[in-house]
Amino acid sequence: MPEIRLEHITKRWNKFYAVDDLDLVIEDNAFVTLLGPSGCGKTTTLRMIAGLETPTSGRITIGDKVVFDSALGINVPANKRKVGFLFQNYALWPNMTVYQNIAFGLSNIKEPRKLSKQEIDETVHRVAQVVKITAFMDRYPAELSGGQQQRVAIARTLAPEPSVLFMDEPLSNLDAKLRLEMRYELQRLHVETGSTFVYVTHDQMEAMTLATQICLINNGVLQQYDAPLTVYNKPNNLFAADFVGNPSINFIEGEGKQRPDGGVELTLLGDKRAVFKPVQPLDLPAWFKGRDAREALAADAHKKKAAEKGFVEKGNKDETFRYHIDKVEEDDVSPQEEPALTNEDLVLGVRPEFIDIVEDGALEGEIYGAMPTGMESTIKVRIGNFLLTGVVFGSTLFTIGSKVHIDVSGDSVLLFDRRSGRCIAQGSLEF
Ligand SMILES: Nc1ncnc2c1ncn2[C@@H]1O[C@H](COP(=O)(O)OP(=O)(O)OP(=O)(O)O)[C@@H](O)[C@H]1O
Ligand SMILES: [Mg+2]
């Protein structure tokens with residue numbers, strides 16, 4: 001089974017960079033999800049690996065074979081890359097039975113040799129068993145439910161035993177329950193086939209639950225490439241923290257600086273005082289120095305690139321992600337009124353499960369909203385004009401308007417630099 005390697009892959013249409021200098025190694029047997037908002041470049045990335053789209057520049061290697069290299073003029077056509085596709089609009093042949101649909105691709109195989117009738121028959125039955133559609137072999141697609149059709153499409157894709165399987169939102173047409181069921185099937189399929197799966201989705205839940213690695217993209221730029229729980233617990237930046245997790249992470253703006261003992265003294269939520277205590281030793285001034293050095297280096301590299309022949313400035317500029325602060329009354333600040341940011345402007349990220357309602361909690365608030373689901377409740381607590389989202393397990397009933405006290409528990413509070421949006425440290429928050 002091969003490893004897929006993307007080096008400096010860029011795809012642009014005129015000034016629009018759909019994929020911008022992407023470096024990515026998809027390990028053998030991995031289940032990688034390409035995740036990001038609509039239009040961020042997921043499908044384009046997939047199509048480039050598959051050979052259906054030609055990158056503007058860069059190099060793609062599958063196994064030990066270079067399938068694309070802009071500098072060397074290599075571009076192996078899609079049908080020679082030995083990969084399987086499953087696109088969102090899986091079109092089954094309506095005039096063929098389930099059996100014929102699955103067998104169709106197999107009878108077209110000519111390399112290294114044509115398959116015998118018996119070989120085809122065995123393969124069709126084997127993959128049909130994997131996706132549990134053996135009972136419907138003689139039916140036509142119109143006689144199947146949506147989920148069954150989707151499974152036939154998966155079987156058809158699996159039949160030629162592609163060592164790499166690409167899927168572009170394959171479950172998007174299914175209802176929530178079937179979707180969940182199919183997720184289990186895919187997870188199992190991945191283990192059973194031993195193939196490498198590259199899976200596109202804009203559904204963060206799907207990405208979290210299926211992937212061994214999440215490749216999180218925004219505006220054509222890679223934001224983070226890590227295991228799902230790493231992206232969740234240690235997001236690289238505000239965008240990653242916000243995009244992964246449901247309900248969304250709470251962002252709290254804070255202002256302050258580091259004390260000699262390492263804690264960061266902050267003013268937040270209006271006039272509240274708190275101390276962020278990092279888990280690992282943190283030298284905040286040194287962190288900012290490092291950030292400035294990195295930014296200078298990046299600016300230099302960009303200048304050099306801009307001087308090269310044929311360089312095209314990126315039209316869809318990268319901007320620092322604008323996080324949302326949940327408030328009772330939203331204030332309307334137009335962008336030009338934004339004050340200049342200093343190194344004392346910080347943002348905290350608190351996952352909803354760390355907002356605890358406790359009798360002796362340090363912060364006084366009021367229940368603003370509650371959504372009980374039986375197993376847990378998502379609540380919004382009002383503190384002054386600010387709203388914090390929490391998740392409380394168990395079937396507690398909350399009365400809107402009632403007074404509560406909350407604490408922020410654990411040492412998984414994230415500290416971000418507001419200017420660059422980058423995550424600085426993890427720690428606890430004490431009021
Ligand atoms: N042929 C094209 N010409 C110009 N721009 C294109 C072309 N194809 C795609 N794009 C642009 O490239 C960007 C990335 O498209 P892509 O299809 O990869 O997005 P995506 O991440 O798959 O989004 P979605 O979740 O909506 O499917 C989009 O902004 C799209 O408008
Ligand atoms: Mg897409």
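In listed order, ligands and their atoms are each counted from 1.
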Where ligand 1 meets T43 - atom numbers and elements under 4.0 angstrom, heavy-atom basis:
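Here the atoms of ligand 1 in question are 17 (O), 18 (O), 20 (P), 22 (O), 27 (O).
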Going by the order shown, which atoms of ligand 1 are within less than 4.0 Å of some heavy atom of F16?
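Counting from 1, the qualifying ligand atoms are 11 (C), 12 (O), 13 (C), 29 (O).
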Locate the shortest heavy-atom distance separating H8 from D21; write the atom from each residue and the value.
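Here H8 and D21 meet closest at ND1-OD1, 2.7 Å.
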Do we get R81 above F68's six-membered ring, with its NZ or CZ under 6.0 Å from the centre and within 45° of the axis?
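The answer is no; the distance or angle limit is not met.
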Considering distance alone, does some N or O of [X] sit under 3.5 Å from an N or O of ligand 1?
{"X": "T44", "value": "yes"}
{"X": "A18", "value": "no"}
{"X": "C40", "value": "yes"}

Pair N237, Q223: side-chain N/O donor-acceptor within cut-off below 3.5 Å
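Distance-only check passes for N237 and Q223.
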Short side-chain donor-acceptor distance under 3.5 Å, N219 and Y17
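Checked: Y17/N219 side chains show no N/O donor-acceptor pair below 3.5 Å.
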Qualifying side-chain hydrogen bond (donor to acceptor under 3.5 Å, both in side chains) pairs, either residue in residues 368-387, two or more places apart:
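side-chain hydrogen bond (donor to acceptor under 3.5 Å, both in side chains) check on residues 368-387 returns D326-K380.
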Using the side-chain hydrogen bond (donor to acceptor under 3.5 Å, both in side chains) rule, collect all pairs that involve residues 301-315, keeping only residues at least two apart or in two chains.
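The answer is D20-K314, H302-E313, E313-K317, K314-D318.
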Does T43 put an N, O or S atom under 2.8 Å from the Mg ion (ligand 2)?
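T43 does place an N, O or S atom closer than 2.8 Å to the Mg ion (ligand 2).
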Where the closest heavy atom to atom 23 (O) of ligand 1 is concerned, which of G220, G36, P37, G39 has it?
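Residue with the shortest heavy-atom distance to the ligand atom: G39.
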